[in-house]
Amino acid sequence: MRMQAKAAIAAALIAAPGLASADPDDDTLIVNGEIEMTTKTSAPEHMSDTYIDTIMSGWHFRSDETQALQMDDFDNSGMIFVDTGRAQWEQVEGSEGNSCASCHEDPADSMKGVRATYPKWDPEAEEVQTVAMQINDCRTENMGAEPYGYTSTEMANMEALIAVQSRGMPVDVKIDGPAREMWEKGKDLYYTRTGQLELSCANCHEDNYGNMIRADHLSQGQINGFPTYRLKNAKLNTVHARFKGCVRDTRAETYKPGSDAFVALELYVASRGNGLSVEGPSVRN
Amino acid sequence: MKLSTTILAAAVIAAGTAKAEPVAPGEVQFGDYGGIAESLTGKAGDPENGAKVMKTKSIGNCISCHKVTALSDAPFHGEVGPSLDGVADRWEEAQVRGIVTNAKMTFPGTIMPAYYKTEGFTRPGKAFTGKAAEEPLPPLLTAQQIEDVVAFLMTLSEE
């Protein structure tokens with residue numbers, strides 16, 4: 001008993017120095033032995049004015065144990081919520097007697113590639129839409145049902161079901177044309193130093209990725225892995241909930257999930273991941 | 001003669017009260033390079049409390065960005081800022097006070113937060129609640145906590 005405790009402490013001590021200077025690792029992410037993910041690639045052209053020439057998935061900055069959980073769907077707790085999302089997909093709700101399946105049938109066909117291109121300009125609505133906005137549009141307009149809460153469990157489940165159909169496909173968000181204005185707005189927000197700590201997204205995720213901040217290994221803050229299953233809160237987390245947490249941590253007044261500001265920021269951050277594979281639902285700590 | 005003693009006594013009393021009242025965040029006088037010559041409180045700092053401020057997450061939380069060997073009893077030192085070992089050999093006390101009070105006066109644009117600043121923020125929030133807050137905000141550290149941290153940092157000499 002005593003011996004074991006000592007051995008455990010010794011192991012922890014040996015592990016610690018490695019952690020403290022951990023650069024992103026060079027592991028390869030292959031899910032279920034078949035989906036090979038692009039987790040590092042050249043930064044998109046629009047990032048040529050930044051320090052970053054290689055964009056990297058948040059997966060590289062997690063421990064080997066956490067990384068392993070994403071390599072097999074049986075170990076990936078996020079996949080449980082994909083199943084729940086599938087049940088929601090079949091569920092008839094609202095005044096029109098429809099389920100998602102009534103119109104979109106099998107998500108493996110109808111939703112393939114969708115996650116990779118969002119947020120995107122919707123010419124009819126004349127606005128940039130996130131997947132979450134599109135889901136709620138279908139619920140209210142096509143089903144006569146109540147919208148999901150923007151960062152609710154139901155929304156996260158449905159987003160996971162939709163994301164998983166694009167796993168392994170490259171993120172390919174359009175930033176030109178009518179989406180440009182929102183993209184510029186998102187870029188401004190990314191570099192705005194908020195709150196009493198006066199920190200911007202870029203201060204942590206561009207200037208300091210690879211560095212430890214207290215117990216956290218800073219990544220590039222990419223969103224190709226969303227929704228993410230976090231070990232910390234043992235649930236699926238949406239993009240806007242994550243943004244909110246990061247803004248709050250600067251001792252700032254956060255923006256509302258689903259607000260124009262966060263939609264713009266999502267478009268901009270998504271575009272910094274152009275070329276990485278869609279990983280959702282991923283596993284993070 | 002008598003009169004001047006009274007005046008002198010009054011001056012001493014005035015100086016005494018002035019010293020007892022810490023310099024307000026808006027009144028701090030920075031030198032050309034961001035240093036602060038005078039103590040913010042007129043009282044000596046307590047290095048032991050300074051160490052506590054630096055390693056406690058809910059107070060200074062300095063080790064989230066800095067490695068400090070003398071504080072290695074607390075876990076998880078970050079690496080966003082430089083190691084503070086030997087900091088007293090690199091900087092004068094006045095400069096250290098300036099850095100802890102508002103590092104942006106010494107290192108323009110630095111990521112290091114300003115610990116004794118109460119207004120001029122973008123979307124100021126109420127601590128870590130995410131809710132809006134009215135300026136002026138309470139400073140991140142009190143004047144005495146800053147003096148305590150400065151006193152601790154001045155013990156970090158390797159020479």
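Labels below follow one simple rule: chain letters A, B, ... track the order of the sequence lines, proteins then strands, and each chain is numbered from 1.
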Between A/Phe226 and A/Arg284, is there a cation-pi geometry (under 6.0 Å to ring centre, at most 45° from the normal)? no
Is A/Glu181 salt-bridged to A/Lys185, going by a charged N under 4.0 Å from an acidic O? no
Hey, are B/Lys52 and B/Asp148 close enough for a salt bridge, meaning a charged N less than 4.0 Å from a carboxylate O? no
Top contributor to chain A interface from B/Lys104, B/Glu135, B/Glu119 [non-hydrogen pairs under 4.5 Å]: B/Lys104
In terms of heavy-atom proximity below 4.5 Å to chain A, should B/Lys67 be classed as side chain, backbone, both, or neither? neither
Heavy-atom contact with chain B under 4.5 Å, split by part of A/Thr192: side chain
So which of B/Pro113, B/Pro139, B/Ala127, B/Ala133 has the largest heavy-atom pair count under 4.5 angstrom toward chain A? B/Ala127
Cationic N near anionic O, under 4.0 Å, B/Lys117 to A/Glu198: yes
May I ask you to establish whether A/Arg251 and B/Phe128 are in a cation-pi arrangement, using a distance under 6.0 Å from NZ or CZ to the six-membered ring centre and at most 45° from the ring axis? yes
Under 4.5 Å heavy-atom distance to chain B, tell me which part of A/Asn208 shows up: side chain, backbone, both or neither. side chain
Checking A/Ile213 against chain B: side chain, backbone, both or neither under 4.5 Å from a heavy atom? both
